[in-house]
Amino acid sequence: ASRNTSPPMTTRLALAPLASLATEPTARRWLLRSSFLPSVVDAIETAVSKKDAPRLVALLRAAADVAGGGGEDGRREVLRVGGSALVQLLLETLAAAGLGLSSLNGTGAEDDEEDDVDVILAGVKSAGVEDAVFRPQLPAAATEALLLLRNVCFHAEAKAHVSSNPRCVDA
């Protein structure tokens, strides 16, 4: 029998149905108690270290689906399993895409207060993307990392994990 899918596509096809279990309460309890998230976080670390972008995209998407679709329980479990190490991996993924937080200083916000949108748009602009709102051109791994970071940061306990990283505080 011949294979018609690449290993990253197989990974994505395997992870998507499992991550979607986070949306239903009974299945969510099962998913969050299983070894799914620890395995995903370990695999994210491996994919980052091996620079395996297609697999990293699938893994980040699965974690983002659990954090986004799983509500408070999903976000809490992603933080419990990944913690600050996951935040560090997300920052490394963004830095590899040219969105290093050191390049975000001095964004030139027009008002006195710099908000999240100013920081993100400055990073996107520094990566050479002109009109990021209408023509997103970020690498897929960076987009998924930003989505996961966004989903995780909606949880109250995320403040400690994000603010404990000096690279986040500097931005």
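Sequential numbering from 1 along the given sequence is applied to the chain's residues. Every value quoted in this text rests on a predicted model; they were computed, and no experiment measured them.
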Next item on the list: With sequence neighbours left out, write down each residue that passes salt bridge (charged side-chain N to carboxylate O under 4.0 Å, His left out) with E144, or none if nothing qualifies.
Entry: R61
Notebook entry, point to check: Considering all heavy atoms of both residues, which atom of A19 and which atom of A62 are nearest to each other, and what is their separation?
Noted result: CB-O, 3.7 Å
Next item on the list: State which residues pass side chain to side chain donor-acceptor pair (under 3.5 Å) with E77; sequence neighbours excluded, sorted by chain then number.
Entry: R80
Margin query: Looking at every heavy atom in both A58 and L15, which two are closest together, and how far apart are they?
Written below: O-CD1, 3.8 Å
Next item on the list: Hey, could you give me each pair passing salt bridge (Lys or Arg N to Asp or Glu O under 4.0 Å) that has a residue in residues 62-71? Not counting sequence neighbours.
Entry: none
Notebook entry, point to check: Same cluster for L21 and V78 if Ile/Leu/Val/Met/Phe/Trp/Tyr side chains link at under 4.5 Å?
Noted result: yes
Margin query: For the CZ atom of R55 and the CZ atom of R12, what is their distance to the nearest 0.5 Å?
Written below: 13.0 Å
Check: When clusters are formed by joining ILVMFWY residues with side-chain heavy atoms under 4.5 Å apart, either directly or through shared neighbours, do V152 and L149 land in the same one?
Finding: yes
Next item on the list: Considering non-hydrogen atoms only, spot the tightest contact between A141 and L56 and give its length.
Entry: CB-CD2, 4.0 Å
Margin query: Would you compute the distance between atom OG1 of T143 and atom CG of L147 and round it to the nearest 0.5 angstrom?
Written below: 9.0 Å
Next item on the list: Return the minimal non-hydrogen interatomic distance between R28 and G69, and the atom names on each side.
Entry: NH2-O, 4.1 Å
Notebook entry, point to check: Are any non-hydrogen side-chain atoms of D73 and R76 less than 4.5 angstrom apart?
Noted result: yes
Next item on the list: Drop me the distance from E45's CD to E92's CD, to the nearest 0.5 angstrom.
Entry: 9.0 Å
Next item on the list: Indicate yes or no for a side-chain donor-acceptor contact from R75 to the backbone of A67 under 3.5 Å, with no hydrogens or angles considered.
Entry: yes
Check: Do L18 and V66 share a hydrophobic cluster (ILVMFWY, side-chain heavy atoms under 4.5 Å, transitive)?
Finding: yes
Check: Mind checking what makes side chain to side chain contact (heavy atoms under 4.5 Å, CB included) contact with A85, not counting sequence neighbours?
Finding: none
Next item on the list: Look at the side-chain heavy atoms of Ile, Leu, Val, Met, Phe, Trp and Tyr, link any pair under 4.5 Å apart, and say whether L86 and V81 land in one connected group.
Entry: yes
Check: So which heavy atom on L59 is nearest to which on A47, and how close?
Finding: CD1-CB, 4.2 Å
For residues 34-44, tabulate all N or O donor-acceptor pairs below 3.5 Å that involve a side-chain atom, not counting sequence neighbours.
from	atom 1	to	atom 2	distance (Å)
S34	OG	L31	O	2.7
S34	OG	F36	N	3.2
S39	OG	S35	O	2.8

